[in-house]
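So you know, we letter chains A, B, ... as the sequences are listed, proteins then strands, and number each from 1.
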2 protein chains.
Amino acid sequence: MTSLAEENYLKAIYKLYEKNGAMVSTSALAETLQINAASVTDFIKKMAAKKLISYQKSKGVSLTEQGRLIALNIIRKHRLWEVWLVNNLGFKWDEVHEIAEQLEHVISDELIENLDKHLGYPKADPHGDLIPDAKGRFIKNSSKPLLECTKGDKVKFTGVAEHSNSFLQYLTKSNISLGDEIVVEVIEEYDNSFQVKINKKERKLLSKEVVKNLLVVVM
Amino acid sequence: MTSLAEENYLKAIYKLYEKNGAMVSTSALAETLQINAASVTDFIKKMAAKKLISYQKSKGVSLTEQGRLIALNIIRKHRLWEVWLVNNLGFKWDEVHEIAEQLEHVISDELIENLDKHLGYPKADPHGDLIPDAKGRFIKNSSKPLLECTKGDKVKFTGVAEHSNSFLQYLTKSNISLGDEIVVEVIEEYDNSFQVKINKKERKLLSKEVVKNLLVVVM
DNA sequence: AAATAAAATTAGGTAAGCCTAATTGTGTAT
DNA sequence: ATACACAATTAGGCTTACCTAATTTTATTT
Ligand SMILES: [Mn+2]
Ligand SMILES: [Mn+2]
Ligand SMILES: [Mn+2]
Ligand SMILES: [Mn+2]
């Protein structure tokens, strides 16, 4: 029913809307999908005709309820596949995104329900991103950037705000993994760098750029 | 490099060639792919230009070595995914083909090697079809239709010559599974039906249509 | 050898999803 | 209010993978 291209547009619109909290512009979509803006205009007109999005000429698009549910289903599939790739197939967290981009488009509700069951109904993917249920509902958690913490806070590392391979690999190299306990020991006022203790053992210095992208929940 | 359509054509050509042992006709391809013969002619000309197949006008096509390797790789992926769907996700053997038809087109050599490892390097899929290795090599076994056996033969059920859901479901309903031991007790000359004993326990009557499609190896 | 049937090809289209180049709209600076 | 910059749209094209209808080739029958 929905084509590969439509699924990718819906997912991109969903994510851009989440990030910016406003109607999604043609140019933003063109940028993230790596497609010419003229082609995007064309395409979103057809999607609007199918009631997948609502489109206000020259102003941007947003998802209809129908479009939102499809987007969430693709995101659900993407994240479940990522869990499988890391937990069962031995991939590293920086190696799974491209493969999940393909797997997310495989169509079979039973497949996804069986996969979900097989994985033990995970709540989050290997990057800490929450996995919506089959009806598109999230169990929201209270994570925030480590940057917003203050001295003495004891937190748990639950996700990343930046998904680039270079950031993921930096964390791997630095021996920082999802689930780690982080205690904020010193915050350097000058550059916002944090001195932290990881899992009660290792002491580490983290730059502002890093603490901005580490998502944590207070313990 | 090779498109979805090309992969499906290559696989269909491979299977038709295996079955008939001769050049594959335009009409046979059109029939299996459910595509108009004129479209097939069009498409095979382009594939021949890419050296995926060799094409003799009005006579038919056959795979080049390059095309054969791609076809075998798709078949390898299809069968590995089927093993996973049955062994790990709890699907029945008559429920996996359509899903594997989609999964076989996911592109990632590492994914397939990791999947193969995860599954314990299976030699055959849930229907007993052999799984080629990454270089397209099979470990051929000596299976033959049960129909070719004679009275007193003790054999092992290793595969099916017919993959229709109705046949697979008939076997499931009749409690006949891959790996079962079958002893031929009586062959009725008149209609070629077989009276057999399954796993030293159950006695069954199998029609010619059935014994023709049960592949076995002599024990 | 001629007629007929069946298979394959050619010719001319279509829809999906993209492109470039040209034009129009919108918001900001003067 | 006018000019300028940038964003968005329109117009016209292209490629892939299909289609139908018409024609040609091949195989079979008389
Ligand atoms: Mn991802
Ligand atoms: Mn992820
Ligand atoms: Mn199959
Ligand atoms: Mn199979």
Report which part of the nucleic acid [X] touches: base, sugar-phosphate, or nothing (heavy-atom distance under 4.0 Å, all strands).
X: B:K45; value: sugar-phosphate
X: B:S58; value: sugar-phosphate
X: A:K57; value: sugar-phosphate

Side chain to side chain donor-acceptor pair (under 3.5 Å) partner of A:E104, the single match among A:K11, A:K77, A:R79: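 The single option meeting the side chain to side chain donor-acceptor pair (under 3.5 Å) with A:E104 is A:K11.
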Candidates A:D153, A:N213, A:V210, A:L206 - the one meeting side chain to side chain contact (heavy atoms under 4.5 Å, CB included) with A:L146: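 Testing A:L146 for a side chain to side chain contact (heavy atoms under 4.5 Å, CB included) against A:D153, A:N213, A:V210, A:L206 leaves exactly one candidate, A:L206.
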Salt bridge present between A:K46 and A:E6 (N-O < 4.0 angstrom):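 No salt bridge links A:K46 with A:E6.
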Ion pair A:K15/A:E18, N-O distance below 4.0 Å: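 Looking at A:E18 together with A:K15, the answer is no, because their closest N to O distance does not fall below 4.0 Å.
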[X]-[Y] side chain donor-acceptor pair, cut-off 3.5 Å:
X: A:H78; Y: A:D129; answer: no
X: A:S54; Y: A:S62; answer: yes
X: B:S207; Y: B:S193; answer: no
X: B:E162; Y: B:S164; answer: yes
X: B:W93; Y: B:T172; answer: yes

Which residues share a ring pair (Phe, Tyr, Trp, His ring centres under 6.0 Å) with A:H163, sequence neighbours left out: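 Scan of A:H163 (ring pair (Phe, Tyr, Trp, His ring centres under 6.0 Å), adjacent residues dropped) gives A:H127.
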Residues that B:Y9 engages under ring pair (Phe, Tyr, Trp, His ring centres under 6.0 Å), provided they are two or more places apart: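 Expected list: B:F43.
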Heavy-atom pair of closest approach, residues B:V211 and B:N192: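 Minimum heavy-atom contact is CG2-O, 4.1 Å.
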Residues touching DNA chain D, which here means a heavy atom under 4.0 Å, drawn from residues 11-28 of chain A: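 DNA chain D contact set from residues 11-28 of chain A: A:S25, A:T26, A:S27.
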Pairwise N/O distances under 3.5 Å, protein to nucleotides 16-18 of chain D:
unit_1: D:dA17; atom_1: OP1; unit_2: B:S3; atom_2: OG; d: 2.8
unit_1: D:dC18; atom_1: N4; unit_2: B:D42; atom_2: OD2; d: 3.4

Heavy-atom contact window of chain A on DNA chain C, given 5' to 3' at under 4.0 Å: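 Listed 5' to 3', the contact boundaries are C:dG17 to C:dA21.
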CD (B:Q66) with more than 12 external heavy atoms under 6.0 Å: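 Atom CD in B:Q66 is packed in, count exceeds 12.
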Residue-level proximity of residues 97-108 of chain B to DNA chain C when a heavy atom falls under 4.0 Å: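 Within residues 97-108 of chain B, no residue comes under 4.0 Å of DNA chain C.
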